[in-house]
2 protein chains.
Amino acid sequence: MTKRTDLLTGLPVTADGTGPPRERADAARNRARVLAAAEELFAAGDPAEVTMEDIAKAAGIGRGTLYRRYPDRASIARALLDEHERALQHEILRGAPPLGPDESDPAERLAAFYAAMVDLLERHVHLLLGAETGSARYRTGAYGFWFTHVRVLAADRPDPEALADTLLAPLAPEVYRRQREQGISPDRIKNGLTALARGVLAGDRPKSPE
Amino acid sequence: MTKRTDLLTGLPVTADGTGPPRERADAARNRARVLAAAEELFAAGDPAEVTMEDIAKAAGIGRGTLYRRYPDRASIARALLDEHERALQHEILRGAPPLGPDESDPAERLAAFYAAMVDLLERHVHLLLGAETGSARYRTGAYGFWFTHVRVLAADRPDPEALADTLLAPLAPEVYRRQREQGISPDRIKNGLTALARGVLAGDRPKSPE
DNA sequence: CCATCAAGTGGACACAACGTCCACTTAGCC
DNA sequence: GGCTAAGTGGACGTTGTGTCCACTTGATGG
């Protein structure tokens, strides 16, 4: 138990203060294999149909190994999605208007956000469907971010809290897939959402009509 | 084959012209039991967690008997939902304005539709969650009806097809449940949706700006 | 009232996916 | 090169699905 500790810090060698014990080389290799295999499987067919066993087999590893790091399909999809969502979140927080801050008109910021989300959806619906099927959407950290963003944009409307979920609903991956399958192009979807953004947030209908 | 025909009508007894062969008494009794049991189970907990076996057991019948009439959970929920949805559809087609026809302002009709759907959701979310989880929503006949209705209301906007799914998205049962769980009252949800309806459909922004 | 038989019943069965467990292997360090 | 914890993978138990089929029963005509 007290076996090995770092001579300088006194901390156990396996936990070097900066974080959890380092990942072994074979583990890292398998992680990469899993992500690559999953990406492909999600893209190939209905993401909801992809099973943990499928992924393990495609990655050439055992089920136990897969479960070691990812408790379910959703967590794998989220891992693949993570960097893309972070990039968008960064743009919103620090990027240039109209997506980023320093743009006075909330309606245009919402429209820009919608457009950016459509781009994200177009590229990664399969991952979003793998990660957020049904109500699971609301349990992701990302949803919390989008929610806060939209709520702030709607801050001068009567009930921003209630509006936020409503305004985010059309961005559900199932909705997007449905529209694309109906033959509606990303641009047409963007236009519809822009109309929505302007209709709801534009004009001066302040919180409490003086 | 030509065995037995009704002496008065001349029609085969097993197929009385008005429909398929009559349902036996025990079958009818069990059907009623199934629906009653399912209604209760759906309301009790998460509808997605209710299994066919649960329903069979609660109804006091065997699994085979249950599967005989209902291929899956969704079909049972839909059977329970059917009359309520029909009633609303009837109101829309033949009822009084603003929900029914003969109301000139599409924005107000959409707002009325939203309000009616919120009432339906409030009373039967559990059934809707049992019937329409995820993408299954789009495969129901009811969705087709709502879609057509909204598309017609949006007919003078640039792209009614694209708008319709977008405008229906906030009525997804998962969205509704989420909002209610966030502590948002049905009335607040209605108000948000009314703002949406008016924002998108009110005003004169005709299809092709003269 | 009874005989008939198709409609109806229910439990056994085969299957798919889940998630866990643990004996074995191996990378990394001394 | 030996040690050890991290990592591996497949066997296993569980749960839910959907089908199948031998048996039961309600309705009907005699």
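Please read all numbers here as calculations on a predicted model, not as lab measurements. Lettering follows sequence order; numbering is per chain, from 1.
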Could you pull out all residues at least two apart from B:R78 that satisfy side chain to side chain contact (heavy atoms under 4.5 Å, CB included)? B:A74, B:A131, B:T140
Salt bridge (Lys or Arg N to Asp or Glu O under 4.0 Å) against A:D82, all qualifying residues, sequence neighbours excluded: A:R86
Under 4.0 Å between a side-chain N/O of B:T51 and OP1 or OP2 of D:dT17, yes or no? yes
My understanding is that only residues two or more places apart in sequence, or in another chain, count here; which of them pass salt bridge (Lys or Arg N to Asp or Glu O under 4.0 Å) with B:R24? B:D26
Thinking salt bridges, do B:D159 and A:K190 make one under a 4.0 Å N-O criterion? no
CG (A:L193) and CZ (A:R198) are apart, to the nearest 0.5 Å, by 12.0 Å
Distance in angstrom units between A:E23 CD and C:dA27 P, rounded: 14 Å
With sequence neighbours left out, what residues match A:E122 under salt bridge (Lys or Arg N to Asp or Glu O under 4.0 Å)? A:R180
With sequence neighbours left out, write down each residue that passes salt bridge (Lys or Arg N to Asp or Glu O under 4.0 Å) with B:E132, or none if nothing qualifies. B:R137
Contact residues, residues 28-41 of chain B to DNA chain D [heavy atom, < 4.0 Å]: none
Partners meeting side chain to side chain contact (heavy atoms under 4.5 Å, CB included) with B:L35 (sequence neighbours left out): B:R31, B:Y70, B:I76, B:A79, B:L80
Table of protein N/O atoms under 3.5 Å from nucleotides 21-25 of chain D N/O atoms:
unit_1, atom_1, unit_2, atom_2, d
D:dT25, O2, B:R24, NH1, 3.2
D:dT25, O2, B:R24, NH2, 3.4

Does anything in residues 114-140 of chain A form a ring pair (Phe, Tyr, Trp, His ring centres under 6.0 Å)? List the pairs, not counting sequence neighbours. A:H84-A:H124, A:Y138-A:Y143
Rounded to whole Å, please give me the gap between CD1 in A:I55 and C1' in C:dG19. 14 Å
In whole Å, what is the span from the NZ atom of B:K57 to the C1' atom of D:dG16? 12 Å
Give me the residues of residues 59-81 of chain A where at least one heavy atom lies under 4.0 Å from an atom of DNA chain C, by number, or none. A:R63, A:G64, A:Y67, A:P71
Pairs involving residues 170-196 of chain A, ordered by first then second residue, that meet ring pair (Phe, Tyr, Trp, His ring centres under 6.0 Å) (sequence neighbours left out): none
Closest-nucleotide mapping onto DNA chain D: is B:D54 or B:A25 further toward the 5' terminus? I mean the 5' end. B:D54
For B:E85, which residues count as a side chain to side chain donor-acceptor pair (under 3.5 Å) partner, sequence neighbours excluded? none
